[in-house]
Amino acid sequence: MKAYVYDDLPGDQRLAHDSGKAVDADALGKLGVLYYRIPEIDGVNELAKERGYKNRDEIFVSPEKMGAIYEEKVKSFFHEHLHEDEEIRYIRDGQGYFDVRSDDESWIRIQLAKDDLIILPAGIYHRFTTDESNYVHAMRLFKDEPKWTPLNRCPELDDNKYRKEYVEEFLS
Ligand code: KMT
Ligand code: NI
């Protein structure tokens, strides 16, 4: 895991966009973002038990696995959105970037690779992209029914119950 402030310069979303300003795991924790490096699947099983993640599946994001819809998918993952539940991703292979909104509205880019697990809290604005390798294989974990629905950012979404709870807990 490596995290830094996104440079916000034009250019493909899959480029590093590293401003050179590093961000550590503590700073991510203040935004409610939890990071773990878990080299063995047993560790994931333990965490899942502790936090009540009862279900899981696997996703391959690459032109080989997705075919013609790959570019479209990569663009859609990159739209700023939130979820009404945690987003949990365990990277099995390849790598990618999760961008999360900081308290000052800048983007923090989190580079994840094999054995990295991230938990984004409900209500945080975020987006995802593959990097220049165009390949990530991830496990998606969830509590009960998968609620993948991304709610794209718009002014009204600031009134969403889960957004308000997130702001109250982490940005106030
Ligand atoms: C998401 O929610 O953006 C995804 O599932 C992307 C692929 S998982 C690294
Ligand atoms: Ni998401």
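Ligands are counted one by one from 1 in listed order, and the atoms in each one are counted from 1 as well. Note that this is a predicted model, so its numbers are computed, not measured.
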NE2 (His81) - the Ni ion (ligand 2) - NE2 (His83) angle, nearest 10°: 100°
Parallel, tilted or perpendicular: rings of Tyr6 and Phe78 (30°, 60°): tilted
Candidate pair Glu87 and His126, rule side chain to side chain donor-acceptor pair (under 3.5 Å), full reasoning: CA-CA 10 Å; Glu87 175 165 326; His126 66 279; 2.9 Å; yes
Closest His126 atom to the Ni ion (ligand 2) [N, O or S only]: NE2
Nearest to the Ni ion (ligand 2) - the N/O/S atom of Glu87, by atom name: OE1
Shortest protein contact, atom 6 (C) of ligand 1 (heavy atom only): Phe128 CD2, 3.5 Å
Heavy-atom nearest neighbour of atom 4 (C) of ligand 1 within options His83, Arg127, Arg89, His81: Arg89
Residue pair Asn45 / Arg56, side-chain donor-acceptor N/O under 3.5 Å: yes
Between Thr130 and Tyr70, a side-chain donor and acceptor under 3.5 Å: yes
Those atoms of ligand 1 less than 4.0 Å from some heavy atom in Glu87: 1 (C), 2 (O), 3 (O)
More than 12 heavy atoms from other groups under 6.0 Å of CD on Glu58: yes
